[in-house]
Amino acid sequence: VQLQASGGGLVQPGDSLRLSCAVSGSTFSEIATGWFRQVPGKEREFVTAISSGGGYMRYIDSVKGRFTISRDNAKNMVYLQMNNLKPDDTAVYYCAAKKVPFRQSNIVYTARAQYLYWGLGTQVTVSS
């Protein structure tokens with residue numbers, strides 16, 4: 001499975017960005033995905049994830065109501081819409097993927113160790 005994240009950039013507080021993650025190399029409907037972020041000197045942290053079936057999502061408290069994860073099965077894409085960005089959102093954002101059997105299509109995976117496949121990351125900087 002290969003992942004390629006894009007869409008990062010430098011924005012001001014209150015602005016919006018949409019990150020994209022192109023997924024290839026496997027049947028997309030059997031892939032659960034998540035977004036993590038990392039700042040220098042800190043552990044990579046979970047931000048949000050979506051089940052392979054697309055019907056279940058999880059978010060960390062600090063982004064609830066501002067970030068939305070979604071997936072487009074026709075395009076093999078996962079998106080992270082980020083609104084009302086704050087300086088604390090500054091980080092390198094990584095998309096991650098996990099192959100799951102059909103019977104687990106409703107499960108959301110939130111632990112970094114659960115994901116085998118990772119993209120290279122895209123930098124998001126929120127600064128005035």
Side-chain angles (χ1 to χ4, degrees):
V1 178
Q2 293 82 45
L3 306 168
Q4 175 137 16
S6 60
L10 172 62
V11 297
Q12 294 186 338
D15 285 352
S16 298
L17 274 178
R18 188 177 80 156
L19 304 185
S20 300
C21 179
V23 182
S24 61
S26 188
T27 303
F28 189 63
S29 61
E30 297 175 352
I31 297 288
T33 55
W35 288 95
F36 291 73
R37 64 187 180 187
Q38 189 171 22
V39 297
K42 291 191 176 182
E43 294 283 322
R44 190 172 299 184
E45 69 167 351
F46 168 78
V47 177
T48 180
I50 188 167
S51 60
S52 61
Y56 294 86
M57 291 78 79
R58 291 269 187 91
Y59 300 89
I60 55 170
D61 287 345
S62 62
V63 307
K64 285 181 180 176
R66 301 189 298 121
F67 290 13
T68 303
I69 189 172
S70 62
R71 55 189 287 153
D72 185 336
N73 287 350
K75 297 182 179 179
N76 286 14
M77 296 289 294
V78 182
Y79 303 104
L80 178 59
Q81 178 67 44
M82 304 186 294
N83 297 329
N84 190 21
L85 281 160
K86 303 177 180 181
D88 283 349
D89 296 318
T90 295
V92 177
Y93 283 72
Y94 297 89
C95 62
K98 172 183 172 62
K99 290 186 179 181
V100 298
F102 178 76
R103 64 181 181 275
Q104 296 179 5
S105 62
N106 292 338
I107 297 177
V108 180
Y109 299 90
T110 62
R112 186 178 61 181
Q114 294 175 305
Y115 288 91
L116 181 60
Y117 306 100
W118 293 84
L120 289 179
T122 184
Q123 176 71 47
V124 173
T125 303
V126 185
S127 176
S128 56

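In this structure, Tyr117 and Lys99 approach most closely via the heavy-atom pair OH-CE, 3.9 Å. Closest non-hydrogen pair, Ala49 versus Tyr115, comes out as CB-OH, 3.5 Å. Across every non-hydrogen atom of Val100 and Ser52, the tightest pair is CG2-OG, 3.3 Å. Smallest separation of non-hydrogen atoms from Val1 and Ala97: CG1-CB, 4.3 Å. Shown here for Lys42 and Gln38, the closest heavy-atom pair between the two residues is O-NE2, 3.1 Å. Across all non-hydrogen atoms, the minimal contact from Leu85 to Arg66 is CA-NH1, 3.8 Å.
There is no side-chain donor-acceptor pair under 3.5 Å between Gln4 and Ser6.
Ring planes of Tyr94 and Trp118: perpendicular class, angle over 60° (limits at 30 and 60°).
Environment of CD1 in Ile60: crowded, with over 12 heavy atoms of neighbouring residues, nucleotides or ligands closer than 6.0 Å. No more than 12 heavy atoms of other residues, nucleotides or ligands sit less than 6.0 Å from atom CZ of Arg58.
Met77 and Leu3 end up in different hydrophobic clusters when Ile, Leu, Val, Met, Phe, Trp and Tyr side chains are linked at under 4.5 Å. Under the 4.5 Å side-chain heavy-atom criterion for ILVMFWY residues, a single connected hydrophobic cluster contains both Phe46 and Leu116. Val63 and Val108 fall into different hydrophobic clusters, defined by Ile, Leu, Val, Met, Phe, Trp and Tyr side-chain heavy atoms under 4.5 Å apart, directly or through other members. Clustering ILVMFWY residues whenever any of their side-chain heavy atoms sit less than 4.5 angstrom apart, transitively, puts Val47 in the very cluster that holds Ile107.
Proximity of Asp89 to Arg37: side-chain heavy atoms (C-beta onward) are separated by under 4.5 Å at one or more points. Here the side chains of Tyr59 and Ile69 are in contact, with some heavy-atom distance below 4.5 Å.
Atom-to-atom distance recorded for Ile50:CD1 and Tyr109:OH is 13.5 Å, nearest 0.5 angstrom. Atoms OG and CG, on Ser70 and Leu80 in that order, are 8.5 Å from each other to the nearest 0.5 Å.
Of the possible donor and acceptor atoms, none in the side chain of Ser105 sits under 3.5 Å from a partner among the backbone N and O of Gly53. Checked by atom type and distance alone, the side chain of Arg44 never pairs as donor or acceptor with a backbone atom of Val92 at under 3.5 Å.
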Show, in sequence, the C-alpha distance, side-chain angles and deciding distance for Val124 and Tyr93, and conclude whether the side-chain contact (heavy atoms from CB on, under 4.5 Å) test is met.
CA-CA 7 Å; Val124 173; Tyr93 283 72; 3.5 Å; yes

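Pairs of residues two or more places apart, or lying in two chains, never qualify as disulfide bond (SG atoms under 2.5 Å apart) while including a residue from residues 30-83.
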Please set out all donor-acceptor pairs under 3.5 angstrom arising from side-chain atoms of residues 10-35, sequence neighbours excluded.
residue	atom	partner	partner atom	Å
Asp15	OD2	Gln12	N	3.1
Ser16	OG	Asn83	OD1	2.9
Ser24	OG	Gln2	OE1	3.4

